[in-house]
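Counting starts at 1 for both ligands and their atoms, following the listed order. Counting begins at 1 with the first residue of the sequence.
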Amino acid sequence: MKSGMDDVIAAETLLSHVDGEAGRLVIRGHDLEELAGRVSFEDTTGLLWSGVVATPDGRLSEAIGQGRAAAFERFRPLAACGGGLSPIEAMRLLLSRIGDADDLATPAGLLGATGTAAAMAIRLSHGEPPLAPDPTASHAEDILRMVRGSTPSSAAANALDAYLVAIIDHGLNASTFAARVVASTGAGAVSSVIAALCALKGPLHGGAPGPVLDMLDAAAAHGDVRAWLVAELDAGRRLMGFGHRIYRTRDPRADVLKAALAQMGGSSGRAALAGRLEAAALALLAERKAGRRLDVNVEFYTALLLDAVGLPRQGFTPVFAAGRAAGWLAHAVEQETSGRLIRPQSLYLGSMPDRAA
Ligand code: ACO
């Protein structure tokens with residue numbers, strides 16, 4: 001029995017490889033550093049999906065844009081039901097509107113739909129009317145515009161594009177595994193995406209970047225960053241944006257995002273505070289958890305980047321989903337193609353009935 005299934009290999013994949021010891025992430029034969037900030041999210045999706053997911057030849061970008069537009073029409077009638085829900089809860093509600101037989105239930109359509117659902121859910125949670133997508137814009141630019149209500153600068157759109165590429169796929173993480181488990185039953189791509197979204201929602205997975213900003217705000221309000229961190233650790237709380245189940249060194253996505261943030265230009269007081277907090281946290285974690293290398297993870301710089309491009313913190317996890325959906329869909333197709341139902345066993349620890357009685 002492996003608690004948390006550490007080191008258990010539960011799938012074969014062509015899609016991505018995480019080398020936790022070397023701090024390396026390979027996406028379809030390419031190091032992440034070759035892609036993020038250099039190749040667009042749409043082209044990286046094409047690369048990830050090639051030979052695995054059937055895509056419209058040379059028209060993937062267009063198909064994703066059309067998916068965003070078609071989803072808007074499907075989701076609009078649900079707008080009145082989104083009030084009082086958090087963005088990620090509203091996103092779950094919106095995606096449930098897509099039926100298995102819907103024209104939208106193709107990989108490109110569903111990828112577009114997650115972008116629209118993310119933007120719409122963020123606006124609904126702020127009591128703002130949803131904005132229609134522009135199918136000709138890039139996924140990154142359109143999501144930003146639909147959330148913020150104005151065309152973003154190219155620097156902001158490029159930074160978000162680099163982010164979407166950085167998180168496009170990441171081995172058999174919890175949400176991707178959830179997508180594969182559901183796909184293995186033959187339940188279909190819509191169900192796989194919704195299951196994955198539900199897994200992503202938790203703070204130990206995709207729900208951490210919002211709390212990273214909360215942590216930075218609390219440390220800033222305290223005034224003494226190190227003392228604040230010591231108090232958190234003394235209280236037995238985890239520092240958000242640090243530690244990873246697989247990486248035993250720096251998460252390579254953190255550096256890619258740090259570079260994208262620098263590329264955006266401008267430096268905020270929050271970035272300077274983040275630098276101080278990162279250094280102090282790494283020193284404290286090394287001291288207190290000497291047997292376990294705890295380094296910065298993707299969520300730390302995600303929080304800073306998504307904040308810098310103008311997304312509200314409650315919207316971070318939905319936007320993560322809008323990029324990771326490309327990975328979920330590819331894994332779901334790969335799993336379904338293998339045709340093998342995922343059905344592990346449990347170790348029974350309860351009592352047995354007394355047969356003799
Ligand atoms: N702050 C303080 N202590 C930590 C942290 C942290 N961020 N992460 C792990 N530890 C400690 C644990 O308390 C534990 O200590 P103990 O052995 O004295 O009990 C030890 O390090 C090992 O922890 P595990 O739970 O075995 O580590 P695991 O691999 O299960 O956890 C996880 C990985 C969940 C990411 C964890 O590091 C964590 O909670 N981090 C904070 C939340 C976060 O940043 N989540 C985003 C992850 S990235 C992603 O999913 C996309």
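Remark: distances from the non-hydrogen atoms of Leu233 to ligand 1 include one below 4.0 Å. Residue contacts with ligand 1 leave out Asn173, since none of its heavy atoms falls under 4.0 Å from the ligand.
Below 30°, between 30° and 60°, or above 60°: for Phe41 and His139 the angle between ring planes is below 30°, a parallel geometry.
The side chain of Leu294, and not its backbone, has at least one atom closer than 4.0 Å to an atom of ligand 1 (non-hydrogen atoms only; side chain from C-beta on). Contacts between Asp251 and ligand 1, counted as non-hydrogen atom pairs separated by less than 4.0 Å, are absent for every part of the residue. Contact annotation: for Pro203 versus ligand 1, heavy atoms closer than 4.0 Å belong to the backbone alone. At a heavy-atom distance under 4.0 Å, no atom of Ile167 approaches ligand 1. Here Val298 has side-chain heavy atoms under 4.0 Å from ligand 1, and that is the only part of it that gets that close. With a heavy-atom cut-off of 4.0 Å, Leu204 touches ligand 1 through backbone and side chain alike. Residue Arg292 touches ligand 1 through its side chain alone, judged by heavy-atom distances below 4.0 Å. Counting heavy atoms closer than 4.0 Å to ligand 1, residue Lys289 contributes side-chain atoms (C-beta onward) but none from N, CA, C or O.
Residue Glu299 approaches ligand 1 through these ligand atoms, each under 4.0 Å from one of its heavy atoms: 46 (C), 48 (S), 49 (C), 51 (C).
Among pairs with a residue in residues 202-220, those fulfilling side-chain hydrogen bond (donor to acceptor under 3.5 Å, both in side chains) read Asn173-His205, Ser175-His205, Asp214-Arg313, Asp217-Arg270, Asp217-Arg313, at least two apart in sequence or across chains.
Residue, atom and distance of the protein heavy atom nearest to atom 35 (C) of ligand 1 are Gly243 O, 3.7 Å. The nearest heavy-atom contact from the protein to atom 47 (C) of ligand 1 is Asn297 ND2, 3.6 Å.
Looking at every heavy atom in both residues, Pro135 comes nearest to Pro133 through CD-O, 3.6 Å. Scanning all heavy atoms of the two residues, the minimum distance from Glu278 to Phe242 falls at CA-CZ, 4.0 Å.
In this structure, atom 17 (O) of ligand 1 has its sub-4.0 angstrom surroundings free of protein heavy atoms.
With hydrophobic clusters built from ILVMFWY side chains whose heavy atoms lie under 4.5 angstrom apart, Ile143 shares a cluster with Val309.
Not counting sequence neighbours, Glu42 has no partner by the side chain to side chain donor-acceptor pair (under 3.5 Å) test.
Looking at Arg180, its side chain never comes within 3.5 Å of a backbone N or O of Ala332 through a donor-acceptor pair. No donor-acceptor distance shorter than 3.5 angstrom exists from the side chain of His331 to the backbone of Thr13, with no hydrogens or angles considered.
Under a 4.0 Å N-O distance rule, the pair Asp142/Arg145 qualifies as a salt bridge.
Nearest residue to atom 34 (C) of ligand 1 from His170, Arg293, His244, Arg238 is Arg238 (criterion: closest heavy atom).
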